[in-house]
Amino acid sequence: MFDEEQYLQNLHTFSLGRRLYHFESVDSTNSFIINKDWKRGAIAVADVQTNGKGRSGRNWVSESGNAYFSFSVTHLDKSMLMPLNIIIGYAVCDVLRKYTSVYLKWPNDCVASGKKICGILLEASFDGINVDKLAVGIGINLFDINVPKDLNIPVTSLETQGVPTETIIKEKIIADILNRAEELICKLEEGDIEIEKLWRSYSANLGKNITIKIGADKKGFTELGIAKNGALIAETIGEEIRIITSDEVGYDFGD
Ligand code: BTN
């Protein structure tokens, strides 16, 4: 189900993802990292998750075939969480772009043909202002049959996008994401990255109409980009420019 050797052969990181835990079945790889091994270098990969977690308390359907993995990130300042969200989405897009056209939907959904192909969930616990434990969890829809149909937004997979199945190697995709993520995390730590620029190159909705759900209200905006801290910048006719930090943003998938 998961070829550990093939994963390690493709992994070129200094430490990220070097200590591998592979599970045929686990409740949630994020929970494993947070509760069992949050130290530098740990990665948990599961063939199946029995209690896969999505954002905003949603469930992440995790049947056999797709990619479910979480890794630990250490020594991060709290203010870096939102920028980290963005660069992880960017790293996944970069890797999936070797297979098909993928864009970012704020804050870090990866979409292909306007449909969700990957979800990312950062879970952290805090020690004062510092992040104590941090799990970065990633779920990628690789194949047709396993893509959950009951989500409230349209979904797709690499196979649905026309990628030949024999070229979809889970171990390589995961290792490549870790390779790219480590590179970008180092740059983020060194203050050597402009996330606003990254966003402009990969946003699915820059300059387009988006619907933003704030509380119970839904309103039409135009996406202008993101701020240095990762917040979404949007404007609506007759109002000032809004900086949005909530992740409850619904998009018009029609355009
Ligand atoms: C989202 O709602 O878009 C985020 C989905 C994140 C799913 C991944 S699968 C691996 C990791 N373990 C979990 O329980 N969730 C994340």
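Quick note: residue numbers are just sequence positions, from 1. A quick note: this is a predicted structure, and the numbers were derived from the prediction, not measured. Side chains are part of it too, since the values below use all heavy atoms of this structure and drop only hydrogens, waters and symmetry mates. One-based numbering, in listed order, for ligands and for the atoms of each.
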With a 4.0 Å cut-off on N to O distance, would you call K208 and E223 a salt bridge?
no

Classify the side-chain pair S70/N30 by whether it contains a donor and acceptor separated by less than 3.5 Å.
yes

Answer yes if the side chains of T160 and D144 hold a donor-acceptor pair under 3.5 Å, and no otherwise.
yes

If hydrophobic clusters are built from ILVMFWY residues whose side chains come within less than 4.5 Å, do L20 and L11 share one?
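Same hydrophobic cluster.
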
For [atom], the protein heavy atom that lies nearest, with its residue and separation:
atom                    : value
atom 2 (O) of ligand 1  : R55 N, 2.7 Å
atom 5 (C) of ligand 1  : W60 CE3, 3.3 Å
atom 11 (C) of ligand 1 : T29 OG1, 3.3 Å

Contact check: K116 vs ligand 1, nitrogen or oxygen atoms, below 3.5 angstrom:
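N/O-N/O distance below 3.5 Å exists for this pair.
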
Is there at least one pair of N or O atoms, one from K53 and one from ligand 1, spaced under 3.5 Å apart?
yes

Taking the six-membered ring of F71 as reference, does the cationic atom of R18 (NZ for Lys, CZ for Arg) lie under 6.0 Å from its centre and within 45° of its axis?
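The answer is no, since R18 fails at least one limit relative to F71.
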
Once you measure the plane-to-plane angle for Y7 and F2, does it fall in the parallel (<30°), tilted (30-60°) or perpendicular (>60°) bin?
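Rings of Y7 and F2: tilted, as their planes differ by 30° to 60°.
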
Measure from atom 4 (C) of ligand 1 to every heavy atom in V26, I120, I138 and give the option owning the shortest one.
I120

Sub-4.0 Å heavy-atom contact, Q49 with ligand 1:
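So Q49 counts as touching ligand 1.
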
